[in-house]
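Note that the structure is predicted; figures quoted are calculated from it, not measured. Chain letters run A, B, ... following the sequence lines, proteins first and then strands; every chain starts at 1.
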There are 2 protein chains.
Amino acid sequence: MQSFTEENYLKTIYHLSQVNESPVQTNAIAEKMQTRAASVTDMLKKLFDKQLIDYKKYQGVTLTTHGETVAIGVVRKHRLWEVFLVEKLQFRWDEVHEIAEELEHINSAALVERLDEFLGFPKRDPHGDPIPNRDGIFEPSLNVNLHQIPKGNYAVIIGVSEHSPAFLRHLEKLELTIGVVLELIEITEYDGSVELLVNNKKINISREVAQHILVNRKETV
Amino acid sequence: MQSFTEENYLKTIYHLSQVNESPVQTNAIAEKMQTRAASVTDMLKKLFDKQLIDYKKYQGVTLTTHGETVAIGVVRKHRLWEVFLVEKLQFRWDEVHEIAEELEHINSAALVERLDEFLGFPKRDPHGDPIPNRDGIFEPSLNVNLHQIPKGNYAVIIGVSEHSPAFLRHLEKLELTIGVVLELIEITEYDGSVELLVNNKKINISREVAQHILVNRKETV
DNA sequence: AATAATTTTTAGATTAGACTAAATTTACAA
DNA sequence: TTGTAAATTTAGTCTAATCTAAAAATTATT
């Protein structure tokens, strides 16, 4: 069994090796976890001794199969609890991350499976992130961001790649939430800002925002 | 804010001062928490410094108003989560205590209030224990055990005063669960065992079992 | 009241996780 | 290839929570 803290390290290493590729660097972990590199080194030794990571001094880390299983288990719990909080307890999508950070460490296999069933085996969390099944398998997905859609095309929002409450509330205000269908009218050459048609309204969003909105292209409306 | 561990100490002190009267002794806390008296003394000093308990060396402890508020908050969360696990996730009443021991430390006032609402503001947990409201107020209750009912009388089971899975499964097997109406036929003088009529069946239970079943007397069937 | 038994506290260590400061290794540029 | 900057690790502390063993205080018993 892993401690709360060990689980958080594994989860962070997992996320970092998804975004950039592995091996993951000590400093990257330290920054993400708001701690110091020296603390990370201490923990890496411990995780290595427990065979949860592969680690050579100065060479960064990758998760072992076992370590990845644990990390994906934590991600699964986090995302299922987020669905619970939004679907059952009526929280907004920008409020659930912090609470799920605590709930993800509750330790009961039976609880996770029953929660999954209670929620109807959801495939994605409220931000559109995929939920691994009990075997740790994710449904394949495309991950195209809005900025990559050619003009004149339609798309449906399936997720976001940035989870800060400020960003999520901004999207909410723009009516850019999961499931919304939009038409991409124009990408401004000068600053990369994007003009959209959403709910019959024309709106303009910055390149930064557009790049954090994940979509599926749609052939028709 | 209190740590996980501090919350557990406060909860234990709270429970012990309900059962026997206060002040609560160091050894009693140690036994209940499966730890050593020396560890308890260390923690008592800390809780005293935080003004969560009143404590004089060698004289035992009582909770301060603040400490009691925290303890009741933990009890409230524990019992609400137990209701969730049984009512929504279909756990049995003998399976929920351990999971609730973890969930009770999740830290979000909004979560507790929304969970309470989602569950329909339950007044009692799956073992019949009262759930304090958001202000820490318990609904008054009588707490008569089955052994105190005069023969020939009817009663309805409202709770239990012993929560071990073994005991709960035993009751389940005897069909002695919350809400069940029974008639007390006889209390055997020799060993205090009790003869009951439940669901039209005559059964016999030991004095020990009878004393851990809490009931309300009923005038009629 | 004196002594024995019990309870509680103190003293001193230990472990997990974190920190600072200094040393070391790696990477990169002149 | 040599020197410097950046990244990482080591060494040594710190705090929270625990422990054992010993000392002190309280309670019970003659």
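- Taking 4.5 Å as the limit, every side-chain heavy atom of L115(B) sits out of range of all side-chain heavy atoms of V112(B).
- The separation between L44(A) atom CG and dA7(D) atom P is 16 Å, rounded to whole Å.
- For dA16(D), neither phosphate oxygen OP1 nor OP2 lies less than 4.0 angstrom from any side-chain nitrogen or oxygen of Y9(B).
- Here the side chain of S3(B) pairs a donor or acceptor atom with the backbone of E6(B) at under 3.5 angstrom.
- Taking 4.0 angstrom as the limit, K57(B) places a side-chain polar atom (N or O) nearer than this to OP1 or OP2 of dT10(C).
- Residue R76(A) forms a side-chain hydrogen bond (donor to acceptor under 3.5 Å, both in side chains) with just one option from D116(A), D125(A), N133(A), and that option is D116(A).
- Using a 4.0 Å heavy-atom criterion, one finds that T41(A) contacts the bases of the nucleic acid, with or without backbone contacts as well.
- Within the 4.0 angstrom heavy-atom criterion, no nucleotide atom of any strand lies near F4(A).
- Rounding to whole angstrom units, CG of residue L47(B) and P of dA16(D) are separated by 12 Å.
- Contact annotation: K45(B) reaches the phosphate of dT10(C) (side-chain N/O to OP1 or OP2, under 4.0 Å).
- Put simply, OH on Y58(A) is 17 Å from P on dA6(D), counting in whole angstrom units.
- For Y55(B) and dT9(C), the shortest distance from a side-chain N or O to OP1 or OP2 is below 4.0 Å.
- Checking E6(A) against A38(A), the closest nucleotide of DNA chain C that is more toward the 5' end is the one next to E6(A).
- Here N27(B) does not reach the OP1 or OP2 of dT6(C): none of its side-chain N or O atoms lies under 4.0 Å away.
- When rounded to the nearest whole Å, the span between CD1 of I29(A) and P of dT9(D) equals 9 Å.
- Distance NZ (K56(B)) to P (dA25(D)): 17 Å, rounded to an integer number of Å.
- For dT7(C), neither phosphate oxygen OP1 nor OP2 lies less than 4.0 angstrom from any side-chain nitrogen or oxygen of Q25(B).
- Judged by distance alone, with hydrogens and angles left aside, the side-chain atoms of K151(B) form no donor-acceptor pair with the main-chain N or O of E186(B) at under 3.5 Å.
- Between R36(B) and dT18(D) there is no side-chain polar atom (N or O) within less than 4.0 angstrom of OP1 or OP2.
- Atoms CD (Q59(A)) and C1' (dT25(C)) sit 9 Å apart, rounded to a whole Å.
- Straight-line distance from the CG atom of D42(B) to the P atom of dT15(D): 15 Å, rounded to whole Å.
- Among the protein residues, T35(A) comes within range of the sugar-phosphate backbone only, with heavy atoms under 4.0 Å from sugar or phosphate atoms but none that close to a base.
- The shortest distance between the side-chain N/O atoms of T26(B) and the OP1/OP2 oxygens of dT9(C) is below 4.0 Å.
- Between H97(B) and H78(B), the ring centre distance stays below 6.0 Å.
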